Amino acid sequence: MYSALLNGKIYQGQGRFCEALLIRDGLVAACGSNEEIRLAMPAGTRVIDAGGHLVLPGLNDSHMHISHVAHNLAQAPIIGVRSIEDLIARCRKFREENPELTAGGMLANGWNQDLFTEGEKRMPNRHDLDRIATDIPIVLSRICGHSAAANTKAIEMAGLGRDSGEIEGGTYGREADGFPDGFFTENAIDVVRNVIPRLNKEQYGIYILKAMKYAASRGLTSIQSNDVGSVPLSPADILDTIYALYQSGDAPLRYHAQTCFDDPAEFRRFILEDRQAPRYMGFPDRFTFGPLKMFRDGSIGSRTALMRDGYLDDPTAGKGVGVMSKELMDGLLAVAAEYGIQAATHTIGDQALVDVLDCYEKVMPAPGQNPLRHSIVHFQCMDLPLLKRTAAMSVIAQVQPIFLAADIGAVATRFTPELNRYFLAFKTDLANGIPLSFGTDSPVEDCNPFPCLYSAVTRQTPDGLPAGGFFPEERLDPQTAVDCYTAGSAYAEFKESVKGLLLPGYYADLTICDRDILTCEPSAIYEASPVLTMMGGQVTFEK
């Protein structure tokens, strides 16, 4: 089957463009001028007119959670709340309008106290959530997913009280009499969250498809998604659910699975059984298995990122939370090395980065050799020596430029000047040879890639602050930022020979943009959107 894309400004890599593409059986067959492609077109070729628009290689989110995006579609819409009162009002309204979804309790994700503009700028507690309801358990997670508030009903159903002990890999606050105050971090969140029924397998299938279609409507053609181990379904159930979307022909994205485990024996079982199961082998170009995903620490907003010197603005916060012990990571990495599997580790604080690099070094065949392309997910807080150590180890960074908008206000007061200087230092990363791949960690941020590209190019919040950008010397030019979202993300999943460029032999994955984000005013990139999204020569979204 042939199709042709004509009249485009087709980006093919630094400074290289063509006007038209010929597509055969889902691959780019030829590229050149309109005249050249017209001459090469067989009879019956379907023609798509790009209308002079910029055409980018398919945008590839290198780290997100499509199942959590799906779950958010069935939850109270609390992303962007501007106060605790706003949070309460939205949840009350959602319960009134969705009694069937909230009968067993209410889960939602998205509040961010740093963005509160009215009332008290603080974390919500159990008393706040009790104003939503006292007859059902309620757990509302911060946008980062590393802290949450729970109401009294959820705390009681979880069996917690004045005499409850500590929870490994997590924390919770207490009131004067010892009763939990409703604020939970890291592994402690699961204790209260698990009392609330989640979506079942069938519901996940419905909402994951909706989430995938939304991602395609924002211009994405590929996602590298952490779903196994992060939802209350078994690995086989969540994989079966997602794979069924490919069997039906409905899935509009390429899917690369990042999988979580907290037991080396269970990880080994998964490798020998699920990962090699014949039932997952029917779409090798669209449904693939990727890295082991691990978590070393938490987030900046929750003050659970592991920091060598703690938090300057709150000495009582300690130095963060170690979600996984180094010993557990060593055990999981040993299994990954045995079977030749990549690892990708959530790492935000500078102490966490030291710890993860220490663990990676133990399984690398020689200094500076990283054939499995082990990576750091987030790669935010570090000084220059730590950055150079990462580069010397050939470790990949899977970063989210959009996090600048949420975090630059916090890092300015919480960390030392040197940590601020090298916070998400994209240009220095690349100059030192660190491969960068871009993504959003959605639903922590919207999976829309254009605000993410805006952040990489401007290093500003959506309203243009700070003037000139946060350490503007780390800004990327638009072409380099696009490369990180396309070729860079393809490299992170070992697919640089078939993804990330619009050249003969590569997948015909592309996004036609409504404006030329390579030449427009940087501020205009934020509002860019796709005119058309194509995956494997098939249109998955058209405005």
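The shown structure was predicted, so the numbers you read here are calculated from the model rather than taken from an experiment.
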A.B. asks: State, without any angle test, whether Y214 and D446 hold a side-chain donor-acceptor pair at a distance under 3.5 Å.
C.D. replies: yes

A.B. asks: Counting only N and O atoms by type, is there a donor-acceptor contact under 3.5 Å from the side chain of E474 to the main-chain atoms of T428?
C.D. replies: yes

A.B. asks: Tell me, with the steps shown, if K388 and D429 meet salt bridge (charged side-chain N to carboxylate O under 4.0 Å, His left out).
C.D. replies: CA-CA 8 Å; K388 288 183 174 293; D429 292 339; over 6 Å; no

A.B. asks: I'd like to know if the side chain of Q258 and the backbone of V228 have a donor-acceptor N/O pair within less than 3.5 Å.
C.D. replies: no

A.B. asks: With a 4.0 Å cut-off, would you call R122 and D128 a salt bridge?
C.D. replies: yes

A.B. asks: Taking the six-membered ring for Trp and the full ring for Phe, Tyr or His, determine whether the centres of F423 and F415 are under 6.0 Å apart.
C.D. replies: no

A.B. asks: Do W111 and S147 come within less than 4.5 Å of each other through their side chains, counting heavy atoms only?
C.D. replies: yes

A.B. asks: One thing to verify: whether R389 and D358 come together as a salt bridge, which I'm taking to mean a side-chain N less than 4.0 angstrom from a carboxylate O.
C.D. replies: yes

A.B. asks: Under 4.0 Å between a side-chain nitrogen and a carboxylate oxygen: does that hold for D330 and K326?
C.D. replies: no

A.B. asks: Hey, is the main chain of T102 close enough, under 3.5 Å, to the side chain of R95 for a donor-acceptor pair?
C.D. replies: no

A.B. asks: Between F179 and Y172, is the ring centroid distance below 6.0 Å?
C.D. replies: no

A.B. asks: Taking C-beta and beyond as the side chain, do I434 and T390 meet within less than 4.5 Å on heavy atoms?
C.D. replies: yes

A.B. asks: Return the CG to NZ distance between L332 and K293, rounded to the nearest 0.5 Å.
C.D. replies: 13.0 Å

A.B. asks: Using 4.0 Å as the upper bound for N to carboxylate O, is an ion pair formed by K93 and E97?
C.D. replies: yes

A.B. asks: Between the main-chain N or O of V411 and the side-chain N or O of N420, is there a donor-acceptor pair closer than 3.5 Å?
C.D. replies: yes

A.B. asks: In the structure I gave you, are the side-chain heavy atoms of H346 and R296 within less than 4.5 Å of one another anywhere?
C.D. replies: no

A.B. asks: For E327, what residues pass the salt bridge (charged side-chain N to carboxylate O under 4.0 Å, His left out) criterion, not counting sequence neighbours?
C.D. replies: none

A.B. asks: Between the main-chain N or O of S299 and the side-chain N or O of T304, is there a donor-acceptor pair closer than 3.5 Å?
C.D. replies: yes

A.B. asks: State plainly whether the residues K153 and D135 are in salt-bridge range, i.e. N to O under 4.0 Å.
C.D. replies: no

A.B. asks: Less than 3.5 Å apart, any donor N or O on the side chain of Y360 or T345 sitting next to an acceptor on the other?
C.D. replies: yes

A.B. asks: Mind checking whether H63 and H378 have ring centres under 6.0 Å apart?
C.D. replies: yes

A.B. asks: Can you name the nearest heavy-atom pair linking V395 to N370, along with the distance?
C.D. replies: CA-ND2, 3.7 Å

A.B. asks: I'd like to know if E473 and R421 make a salt bridge, using a cut-off of under 4.0 Å between side-chain N and carboxylate O.
C.D. replies: yes

A.B. asks: Using modelled atom types only, decide if a donor and an acceptor are shared between the side chain of S437 and the backbone of A492 within a distance under 3.5 Å.
C.D. replies: no

A.B. asks: Just checking, R459 and F426: is the charged tip under 6.0 Å from the six-membered ring centre and within 45° of the axis?
C.D. replies: yes

A.B. asks: Is it true that, when you exclude E168 itself, more than 12 heavy atoms of the residues, nucleotides or ligands shown sit nearer than 6.0 Å to its CD?
C.D. replies: no

A.B. asks: State whether F450 and R218 meet the cation-pi test: NZ (Lys) or CZ (Arg) under 6.0 Å from the six-membered ring centroid, and within 45° of the perpendicular axis.
C.D. replies: no

A.B. asks: List the steps and the verdict of side-chain hydrogen bond (donor to acceptor under 3.5 Å, both in side chains) for N60 and S489.
C.D. replies: CA-CA 6 Å; N60 181 345; S489 290; 4.6 Å; no

A.B. asks: Is N109 close to I78 at the side-chain level, that is, under 4.5 Å between some pair of heavy atoms?
C.D. replies: no

A.B. asks: For D163, I'd like to know if atom CG has over 12 heavy atoms of other residues, nucleotides or ligands within 6.0 Å.
C.D. replies: no

A.B. asks: Find out whether L87 and P124 are in side-chain contact, i.e. whether some heavy atom of one side chain is under 4.5 Å from a heavy atom of the other.
C.D. replies: yes

A.B. asks: Indicate whether the side chain of Q380 and that of D407 have a donor and an acceptor atom separated by less than 3.5 Å.
C.D. replies: yes

A.B. asks: Does a side-chain heavy-atom distance below 4.5 Å link P264 with L328?
C.D. replies: yes

A.B. asks: Given side chains that start at C-beta, do those of H65 and S442 come closer than 4.5 Å, heavy atoms only?
C.D. replies: no

A.B. asks: Under the 3.5 angstrom rule, does the side chain of D477 hit a backbone N or O of T480 as a donor-acceptor pair?
C.D. replies: yes

A.B. asks: Quick one, S141 and R193 - any side-chain contact, counting heavy atoms below 4.5 Å?
C.D. replies: yes

A.B. asks: Return yes if a side-chain donor-acceptor contact under 3.5 Å exists between D483 and Q14, otherwise no.
C.D. replies: yes

A.B. asks: Taking 4.0 angstrom as the limit, do R303 and D313 come out as a salt bridge?
C.D. replies: yes

A.B. asks: If we ignore angles and hydrogens, is there a donor and acceptor under 3.5 Å between the side chains of Y255 and D227?
C.D. replies: yes

A.B. asks: Would a distance-only check, ignoring hydrogens and angles, find a side-chain to backbone donor-acceptor pair under 3.5 Å from N187 to T171?
C.D. replies: no

A.B. asks: Do D383 and R308 meet the salt-bridge criterion of a basic N to acidic O distance under 4.0 Å?
C.D. replies: yes

A.B. asks: Pairing donors with acceptors under 3.5 angstrom, does anything connect the side chains of D355 and Q351?
C.D. replies: yes

A.B. asks: For the CG atom of L353 and the CG atom of L306, what is their distance to the nearest 0.5 Å?
C.D. replies: 11.0 Å

A.B. asks: Mind checking salt bridge (charged side-chain N to carboxylate O under 4.0 Å, His left out) for E175 and listing every partner two or more places apart, or none if nothing turns up?
C.D. replies: R126

